[in-house]
Amino acid sequence: MLVGGILTGCLTTLAPNLRAKGVHDIVTPSASSDTCLSCHETEAEALVRMEQLAHAGKPVLPPREGDAPLVQDWMAEDPRSCVTCHRVRGAR
């Protein structure tokens with residue numbers, strides 16, 4: 001599996017697989033990154049949102065359990081889809 005990760009140019013051995021059920025039931029092996037980024041926020045987007053809240057005098061709360069994890073900016077800018085590295089298991 002490590003060789004496969006090296007050949008695809010991403011860390012497929014470290015990227016967690018996605019189970020295509022529950023919150024991920026819309027994700028298929030051919031999904032675009034737009035599918036993932038409709039729920040997952042990038043680090044840059046989160047920073048802008050937090051700065052806007054702070055500027056407006058509103059509390060900036062930490063993420064709650066169950067919130068979609070942040071996506072590193074380089075991942076969102078990569079031309080490959082998220083499902084290139086995050087393999088979808090149990091898809092229809």
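Heavy atoms only: backbone and side chains are in, while hydrogens, waters and symmetry mates are out.
Applying the side-chain hydrogen bond (donor to acceptor under 3.5 Å, both in side chains) criterion to S33, with sequence neighbours excluded, gives no partner residue. Listed by chain and residue number, T28 satisfy the side-chain hydrogen bond (donor to acceptor under 3.5 Å, both in side chains) test with S30 (two or more places apart in sequence, or in another chain). Contacts of C36 classified as side-chain contact (heavy atoms from CB on, under 4.5 Å), with partners at least two apart in sequence or in another chain: C82.
In this structure, S81 contributes its side chain and A31 its backbone to a donor-acceptor pair below 3.5 Å. In this structure, the side chain of N17 does not engage the main chain of V88 through any donor-acceptor pair within 3.5 Å. Remark: the backbone N or O of L70 is not paired with any side-chain donor or acceptor of H40 at under 3.5 angstrom.
In this structure, the separation between NE2 on H24 and CZ on R89 is 14.0 Å, given to the nearest 0.5 Å. Between L18 atom CG and D25 atom CG the span is 12.0 Å, to the nearest 0.5 Å. A distance of 5.0 Å separates CD in E43 from CD in Q72, rounded to the nearest 0.5 Å.
In this structure, V48 shares a hydrophobic cluster with no other residue, the cluster being traced through Ile, Leu, Val, Met, Phe, Trp and Tyr side chains under 4.5 angstrom apart.
Between V27 and A20, the shortest heavy-atom distance links the atoms O-CB, 3.7 Å. Taking each heavy atom of V71 and A76 in turn, the nearest pair found is CG1-N, 4.2 Å.
Sorted by first and then second residue, the salt bridge (charged side-chain N to carboxylate O under 4.0 Å, His left out) pairs with a member in residues 27-36 form an empty list; sequence neighbours excluded.
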Hey, can you pull the donor-acceptor pairs under 3.5 Å for the side chains in residues 49-68, sequence neighbours left out?
unit_1 : atom_1 : unit_2 : atom_2 : d
R49    : NE     : E41    : OE1    : 3.4
R49    : NE     : E41    : OE2    : 2.9
R49    : NH2    : E41    : OE1    : 3.0
D67    : OD2    : R64    : N      : 2.9

